[in-house]
Structures are given as structure tokens and as C-alpha cells.
Amino acid sequence: MRICHTCAVEHTDDAQTCAICADERQWVPVGGQRWTTLDELSSEGHRVQLRELEPDLFGVTVEPTVGIGQQAHLVRTADGCLLWDVPGYVDASAVAGVREIGDVVAIAASHPHMYGLQVEWSHALGDVPVLVPEVDLAWVARPDPVVRPWSGTLDLLPGVTLAQVGGHFPGSAVTHWRHGAGGRGVLFGADTIQANPDRVSVTFMRSYPNRIPLSAAVVERVTTAVEVFEFDRLYDNFGRTIDSGARAIVRRSADRYMAWVRGDFDHLT
Ligand SMILES: [Zn+2]
Ligand SMILES: [Zn+2]
């Protein structure tokens, strides 16, 4: 197994390029494709940190960061945990830390940029299923029997639902956690719906690093798809949180975005 240095997604040993980074939504360093290994990351001092964000929810990060530097989430229910988005590093103490919180019964990433070491994590946790939307299966660079396709909407655990809403990738998904935010509901928006630095708005992009927008029609489709859920708080995958009022903020942000890409505000430019 080798790990892309830029996105921290696992590949087979014979991989030559990272298709995820070569795609227009990501980027390859000026010097070309770089690979790393778990041993190398370990000797560089990377470690997994677990942080309680609210009752039954933990942020999972690698410090110092690897790859894209996401914050993964561990959602705990009475029937086990979901590991949502996957760190690009794992070791024995990370596995012990996660096991102390609960039994992981499924691993799911919002989209290929967040695959991290999903198969490696699965093996370390006893071959738990790695759920990948069927339309995005071709992005899995380390095929393994633990990978299970899904599509549409998946009631995974009590109060935890995965929804493939598309946009950023055809399989881009969100997770709805009904019991989160004190019962007001949480949406894990990831790159599907990303929180903005102002923390009172969100955005939707085909590419974040290369700044490629989506159309008004797609933004409306994604927004309508998440409006079937009740949620007050939104976590993206970089530690940015819309603490409350998130459902209305998603709608307001979508309306603003659609107005801009439609040209309603061209007189201001
Ligand atoms: Zn990559
Ligand atoms: Zn992404």
C-alpha cells in the first residue's frame, strides 16, 4: 500500500499516478506525483487525535496534518459507530482510541477526496464495511472485499442516514444525525455543502482548490435533497461548524449562490 502525499488516499503498491489529484478538482504538486508510506508518516511523528465535539460525536484528525488535512467524524449510537470521512493515517494507538469510544460498524466517506486510508482502517477494525457510492467506485484506488457499493439513501444506524446528493462528485454524500445538536439534528456536509469562514454561510463547488462552481440547477438539487432532513448544526470536514440555524443558512446560501451564477448581480461587477 502506498499513500498519495497530496491527498493522503491509499493506493495499491504499483500505482503510478493518483487519479484523484490528477483530476480537475484537485492538484498535483509542481514537482510531480509524490508518494509516502505509513512507516514514513509514523517516523515523521504524525498521530491521530480524537476530540469530543458534542456528546457522542468525536472529531478525528491527524496532527501534524497529512494530505488534504480533513477532520473526520466518529458518530456513536447504541448500535455502534460510523467513521465518516477517513483520516490519511492510522496506527495501533489510533485504533485503540477509537475502540475505546465504541465499535465501528461502518466506514463511509463523503466523496473520493476523503477516502484516506479507508481500507487500512477497515482491516485494523476487523474488516468493517467501507461504503462507497456505486457511481464513484472507479475512484477507489485500493480495491478490497470490504468495499460495499450503495446508492440513494441509506438508514445506517439508529438516527444516522447517509444520503447521496451529488454535486461535488456524482456520489457526493452527506450524513444526517437526528440525535445530534441536543436532538435538533446535525448534517455532516463535508465538501458537498461546505461551511464558509464567516460561519453564517455555506457553499457548493465542483472544485474547492481550483475554484470551479456548480450550476444553479445543481445547487438547487443538492439543497432540496438535504431539506428532507431536520438539522440545526452543520459540520464540514475541515473543522468549520455552523453551530445553529444551519438548515435556513443552507437555503439562504443556496439562493444567493444561484442568483450570482444566474447573473442577477452582474450589475455589481
Ligand atoms: Zn492524491
Ligand atoms: Zn472534495
Side-chain angles (χ1 to χ4, degrees), residues 1-38 40-41 46 60-62 65-73 84-90 107-121 131-133 135-143 162-175 187-197 202-214 218-219 222 225-226 234-240 250 253 257:
M1 191 262 289
R2 48 180 19 187
I3 301 166
C4 174
H5 192 272
T6 310
C7 70
V9 171
E10 62 192 350
H11 286 66
T12 52
D13 278 323
D14 58 352
Q16 295 301 308
T17 56
C18 172
I20 291 169
C21 286
D23 175 67
E24 70 173 7
R25 279 161 285 202
Q26 248 282 111
W27 52 278
V28 176
V30 176
Q33 176 70 43
R34 280 179 65 196
W35 299 101
T36 186
T37 62
L38 261 183
E40 200 170 278
L41 293 175
H46 298 281
V60 190
T61 53
V62 181
T65 59
V66 294
I68 294 171
Q70 68 259 35
Q71 171 168 268
H73 291 97
W84 170 248
D85 291 336
V86 193
Y89 178 75
V90 62
I107 295 171
S110 55
H111 68 293
H113 295 149
M114 300 292 126
Y115 285 173
L117 304 189
Q118 57 184 6
V119 169
E120 193 71 17
W121 270 96
L131 306 171
V132 176
V135 284
D136 285 346
L137 277 175
W139 294 102
V140 175
R142 185 188 179 192
L162 308 189
Q164 179 200 332
V165 301
H168 184 49
F169 276 77
S172 273
V174 296
T175 289
L187 192 77
F188 296 98
D191 280 2
T192 315
I193 302 176
Q194 203 178 86
N196 285 331
V202 298
T203 196
F204 315 77
M205 300 288 273
R206 172 166 173 82
S207 171
Y208 289 91
N210 301 326
R211 301 174 176 91
I212 309 172
L214 293 165
V218 171
V219 169
V222 169
V226 302
L234 180 144
Y235 293 95
D236 74 3
N237 47 354
F238 293 99
R240 286 182 300 251
V250 168
S253 305
Y257 191 110

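For ligands, and for the atoms within them, numbers begin at 1 and follow the listed sequence. Note that the numbering runs from 1 along the sequence shown for the chain.
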**Asked** What N/O/S atom of His113 is the closest to the Zn ion (ligand 2)?
**Response** ND1
**Request:** Enter the distance from Phe238:CZ to Tyr208:OH here, rounded to the nearest 0.5 Å.
**Result:** 9.0 Å
**Asked** Tell me, which protein N/O/S atoms are under 2.8 Å away from the Zn ion (ligand 1)?
**Response** Cys4 SG, Cys7 SG, Cys18 SG, Cys21 SG
**Message:** For Glu40 versus Trp35, what's the shortest heavy-atom pair and its separation?
**Reply:** OE2-O, 4.3 Å
**Prompt:** Nearest to the Zn ion (ligand 2), which N, O or S atom of His168 do we find?
**Reply:** NE2
**Request:** Look at the aromatic rings of Phe169 and His111 and report parallel, tilted or perpendicular, splitting at 30° and 60°.
**Result:** tilted
**Asked** Of the non-hydrogen atoms in Glu120 and Val90, which two are nearest, and what is the gap between them?
**Response** CG-CG1, 3.6 Å
**Fill in**
The atom of Asp191 among N, O or S that is nearest the Zn ion (ligand 2) is OD2
**Fill in**
Rounded to the nearest 0.5 Å, the CG atom of Leu214 sits from the CE atom of Met205 at a distance of 8.0 Å
**Asked** For Arg206, does its backbone N or O pair with a side-chain atom of His168 as donor and acceptor, under 3.5 Å?
**Response** yes
**Asked** Going from SG on Cys4 to CD on Glu10, what distance comes out if it is rounded to the nearest 0.5 angstrom?
**Response** 12.0 Å
